[in-house]
Amino acid sequence: GAGSASTSLTLAAGFVPDPSIVFTLAGGPIAASTMSVGDVWCAGYIAAAPNVTLTTTTPIYGMRILGRSGVDTTLAVRLSDGRVLCNDDGGGYPNPAVDVFDLPAGVHQIYVGTFGGGTNVPATVGFTTNALYMNASLP
């Protein structure tokens, strides 16, 4: 998926490499708040299509999804079970991180937004269950 705006990735419990890193382009014209559900509020601006379509063939416990970019980015994640999880600076400003304790098997959509607007911003998305990377220090 290097250099592509939309990437598909398939992982299972115990996946290697961990972290698995995808290159993408963050941002878009749509307010991420349109994905907000209940008390979950989504910040930033996203594209109409997810940046990463993640298929998990088994449940994965303790997954952290990390965003990295040279600008303030956000994450909006729609899980296969309908849950929506969003984050702005959980990986340490300006990087978002979403923790999913119980990622079910299925197809999940990950959107990488830009907090202040903008499109086609180079970014990476990392997927890890490795404690070494839980503080958003992607290699």
Asks: Taking the side chain as every heavy atom from C-beta outward, state whether W41 and S33 have any atom pair closer than 4.5 Å.
Replies: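 Touching, per the 4.5 Å side-chain cut-off.
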Asks: Do V100 and V22 sit in one hydrophobic cluster, given that two such residues count as connected whenever their side-chain heavy atoms are within less than 4.5 Å of each other, even indirectly?
Replies: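 Same cluster: V100 reaches V22 through Ile, Leu, Val, Met, Phe, Trp or Tyr contacts under 4.5 Å.
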Asks: Give, for atom NE2 of H108 and atom CD1 of I65, the distance between the pair rounded to the nearest 0.5 Å.
Replies: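 H108 NE2 to I65 CD1: 8.0 Å, rounded to 0.5 Å.
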Asks: Mind listing the closest non-hydrogen atom pair of P59 and A13 along with its distance?
Replies: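 In this case the closest contact between P59 and A13 is O-CB, 3.7 Å.
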Asks: Do you know the tightest heavy-atom contact between L11 and M63?
Replies: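 Closest approach of L11 to M63: CD1-CE, 4.2 Å.
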Asks: Hey, any chance L9 and V98 share a hydrophobic cluster, counting ILVMFWY side chains that come within less than 4.5 Å of each other, even indirectly?
Replies: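 The answer is yes; both residues are in one hydrophobic cluster.
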Asks: State which residue, out of T73, D89, V125, L66, fulfils the side-chain contact (heavy atoms from CB on, under 4.5 Å) condition with P96.
Replies: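 With P96 as partner, T73, D89, V125, L66 yield a single side-chain contact (heavy atoms from CB on, under 4.5 Å), made by T73.
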Asks: May I ask whether V37 and Y111 are part of the same hydrophobic cluster, defined by side-chain heavy atoms of I, L, V, M, F, W, Y residues being less than 4.5 angstrom apart, directly or through others?
Replies: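 In one cluster: yes.
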Asks: Mind running side chain to side chain contact (heavy atoms under 4.5 Å, CB included) on Y61 and D102 for me, showing each step along the way?
Replies: CA-CA 5 Å; Y61 296 94; D102 56 342; 4.0 Å; yes
Asks: Taking atom OG1 of T53 and atom CD of Q109, what is their separation to the nearest 0.5 Å?
Replies: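 Taking OG1 in T53 and CD in Q109, the distance rounds to 6.0 Å.
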Asks: I'd like to check R83 versus P104 (side-chain heavy atoms, cut-off strictly below 4.5 Å). Are they in contact?
Replies: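 They are in contact (side-chain heavy atoms under 4.5 Å apart), so the answer is yes.
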Asks: Could you pull out the closest heavy-atom pair between D18 and N130, with the gap in Å?
Replies: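 Nearest heavy atoms, D18 then N130: OD2-N, 3.4 Å.
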Asks: Out of I21, V52, T56, which one pairs with F127 under the side-chain contact (heavy atoms from CB on, under 4.5 Å) rule?
Replies: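 With F127 as partner, I21, V52, T56 yield a single side-chain contact (heavy atoms from CB on, under 4.5 Å), made by V52.
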Asks: Do L103 and L54 have side-chain heavy atoms sitting under 4.5 Å apart?
Replies: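 They are in side-chain contact.
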Asks: Grab the two heavy atoms, one from P94 and one from S69, that are nearest each other, plus how far apart they are.
Replies: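 Here P94 and S69 meet closest at CG-O, 4.5 Å.
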Asks: Please say which of N51, L75, L85 ends up in a side-chain contact (heavy atoms from CB on, under 4.5 Å) with I110.
Replies: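 Of the listed options, the one satisfying the test is L75.
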Asks: What pair of heavy atoms forms the shortest contact from A12 to T57, and how long is it?
Replies: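 Heavy atoms of A12 and T57 come nearest at CB-OG1, 3.2 Å.
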Asks: Just so I know, are the side chains of D72 and Y93 near enough to count as touching, which here means a heavy-atom distance under 4.5 Å?
Replies: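 Touching, per the 4.5 Å side-chain cut-off.
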Asks: Spell out, yes or no, whether V121 and V112 are grouped together once hydrophobic residues are joined by side-chain heavy atoms under 4.5 Å, including indirect joins.
Replies: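 Result: no, two separate clusters.
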Asks: Donor-acceptor check, side chain of T24 to backbone of A123, threshold 3.5 angstrom: yes or no?
Replies: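 Side chain of T24 to backbone of A123, a donor-acceptor pair under 3.5 Å: no, none is there.
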Asks: Is the number of heavy atoms from other residues, nucleotides or ligands within 6.0 Å of CZ (F15) greater than 12?
Replies: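 Yes, CZ of F15 has more than 12 neighbouring heavy atoms, counting only those of other groups under 6.0 Å.
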Asks: For the CG atom of D99 and the OG1 atom of T128, what is their distance to the nearest 0.5 Å?
Replies: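 One finds 10.5 Å between CG of D99 and OG1 of T128.
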Asks: What heavy-atom pair brings I46 and M35 nearest, and what distance separates the two atoms?
Replies: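 That closest heavy-atom pairing would be CD1-SD, 3.7 Å.
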Asks: Will you find, in the side chains of T74 and D88, an N or O donor that is under 3.5 Å from an N or O acceptor?
Replies: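 D88 and T74 do not have a side-chain donor-acceptor pair below 3.5 Å.
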